[in-house]
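Here is the naming used below: chain letters follow the sequence lines, and residue numbers restart at 1 for every chain. Side chains included, hydrogens not; waters and symmetry mates left out as well; all remaining heavy atoms used.
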There are 2 protein chains.
Amino acid sequence: MELSSKSEYALLALLHLADRYQDDEPLQIRQIAADQDIPDRYLEQLLATLRRGGLVKSQRGAKGGYLLSRAPWSISLLDVLRCLEGADANLADNNGSDRNLESAIIYEIWVEVDRAANDVLQHYTLQDLKDRRDARKQLDLMYYI
Amino acid sequence: MELSSKSEYALLALLHLADRYQDDEPLQIRQIAADQDIPDRYLEQLLATLRRGGLVKSQRGAKGGYLLSRAPWSISLLDVLRCLEGADANLADNNGSDRNLESAIIYEIWVEVDRAANDVLQHYTLQDLKDRRDARKQLDLMYYI
DNA sequence: AGTATACTCCGGTTTTCCGCTGGGTTTTGT
DNA sequence: ACAAAACCCAGCGGAAAACCGGAGTATACT
């Protein structure tokens, strides 16, 4: 139930990329890392994972950087988190089918918990995050005036 | 999103205790540990935590052991998990209120995810687990005949 | 062509946490 | 008195998370 730094960093970066989805100017790691105060070498790894997962595409060389490969409204938060933890690849995924009855029951409940969480994550997209942030910005501005 | 051994062990132990909630004969750590194949020294710690959380009470000395301090239907799985992770005590719990706007938004979503998961956990009690297990036992028996 | 800029790949390090173990103390029934 | 249990505290080993570094490679710009 803990939001890892990994997930947060990735989402922040993707939000950044979503902001300039229109123009095809790529955004550099250094840029994102500096803006959001994220260790750049670590962000690099995460973006590499996201690239392998097909969520972003990269442009190498000078003037290079990263771009969102799909539209912001087509990328759910579940997509992102799945991509990140899918990289760790829990191959030894104990489904608990071999354990005793009590453990199996507990595992069943856990599946329900997981589904409930995933339902929420699936229904939010990067665009939703962007919209919510922009709305909040607007609001803060109004209070200021 | 991972069911820890800690949580599973605790639930298994509580389920055991729920089974003999009627009689006031306490159940020993060794007993539970042996039945469910749990390292007893570790289980000891977990039960201590559950005791401090008020979910079980203990009887010291010979013929001692543990008893459920409340009725099985009044203890939700959320109660149990909260008790366990509350012990770790994330005192430095960053509510993200100090961070920037983007992080705050992400944190908000995470709160929703957490609530969705907790809703499921809250609505299952130890009694529910017990009932479900017993029903499953019944079912297996029928298949056997 | 040459150079600066950026990603890419691969590995190493540090820190943190989980699961687990051990030693010694205190309480209680017989 | 003795044994059986909970209690308390402290540490350990491995794995994962978080982070850093270096050498290589692709690309743009001049």
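Straight-line distance from the CD1 atom of B:I32 to the C1' atom of D:dA5: 13 Å, rounded to whole Å. Atoms CZ (A:R52) and P (C:dT8) sit 9 Å apart, rounded to a whole Å. Atom CG in B:L50 sits about 14 Å away from atom C1' in D:dA6, given to the nearest Å. Computed from coordinates, the B:Y66 OH to D:dA4 C1' distance equals 14 Å when rounded to whole Å. Atom pair B:L46:CG and D:dC8:P shows a separation of 15 Å (rounding to whole Å applied). In this structure, CD of B:E2 is placed 12 Å from C1' of D:dA16, rounded to the nearest angstrom. Atom P of nucleotide D:dA17 and atom CG of A:L84 are separated by 11 Å, given to the nearest angstrom. The CG-C1' distance, from A:L67 to C:dC7, rounds to 13 Å in whole Å.
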Q. If the sugar-phosphate is the primed atoms plus P, OP1 and OP2 and the base is the rest, what is the B/S/- string for nucleotides 20-30 of chain C, using protein heavy atoms under 4.0 Å?
A. BBBB--BBBS-
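Within the 3.5 Å criterion, the main-chain N or O of B:G54 finds a donor-acceptor partner in the side chain of B:S69. A donor-acceptor pair is defined here as one N or O able to donate and one able to accept, closer than 3.5 Å; no such pair exists between the side chain of B:T49 and the backbone of B:L84. Of the possible polar contacts, none joining the B:S76 side chain to the B:T125 backbone as a donor-acceptor pair under 3.5 Å is found. No side-chain donor-acceptor contact under 3.5 Å links A:D119 to the backbone of A:A116.
Using a 4.5 Å cut-off between side-chain heavy atoms of Ile, Leu, Val, Met, Phe, Trp and Tyr, with links allowed through other members, A:I32 and A:L67 fall into different hydrophobic clusters. Under the 4.5 Å side-chain heavy-atom criterion for ILVMFWY residues, no single connected hydrophobic cluster contains both A:L68 and A:W73.
Phosphate proximity of C:dT8 to A:S58: present, with a side-chain N or O under 4.0 Å from OP1 or OP2.
Contacts of B:R30 with the nucleic acid, taken as non-hydrogen atoms under 4.0 Å apart, are absent. Among the heavy atoms of the strands lying under 4.0 Å from A:I29 are primed sugar atoms or P, OP1, OP2 only; no base atom is included.
A donor and an acceptor atom, one from each side chain of B:D131 and B:Q127, are located under 3.5 Å apart.
Under the 4.0 Å criterion applied to side-chain N and carboxylate O atoms, A:E112 and A:R115 are not assigned as salt-bridge partners.
Overall, the helix from C:dA1-D:dT30 to C:dT30-D:dA1 carries an axis bend of 10° between its ends, with five pairs at each end and the value rounded to 10°.
For B:D23, the CG atom sits in a packed shell: over 12 heavy atoms of surrounding residues, nucleotides or ligands are nearer than 6.0 Å.
Between A:S7 and B:L47, the residue anchored nearer the 5' end of DNA chain D, judged by the nucleotide with its closest heavy atom, is B:L47.
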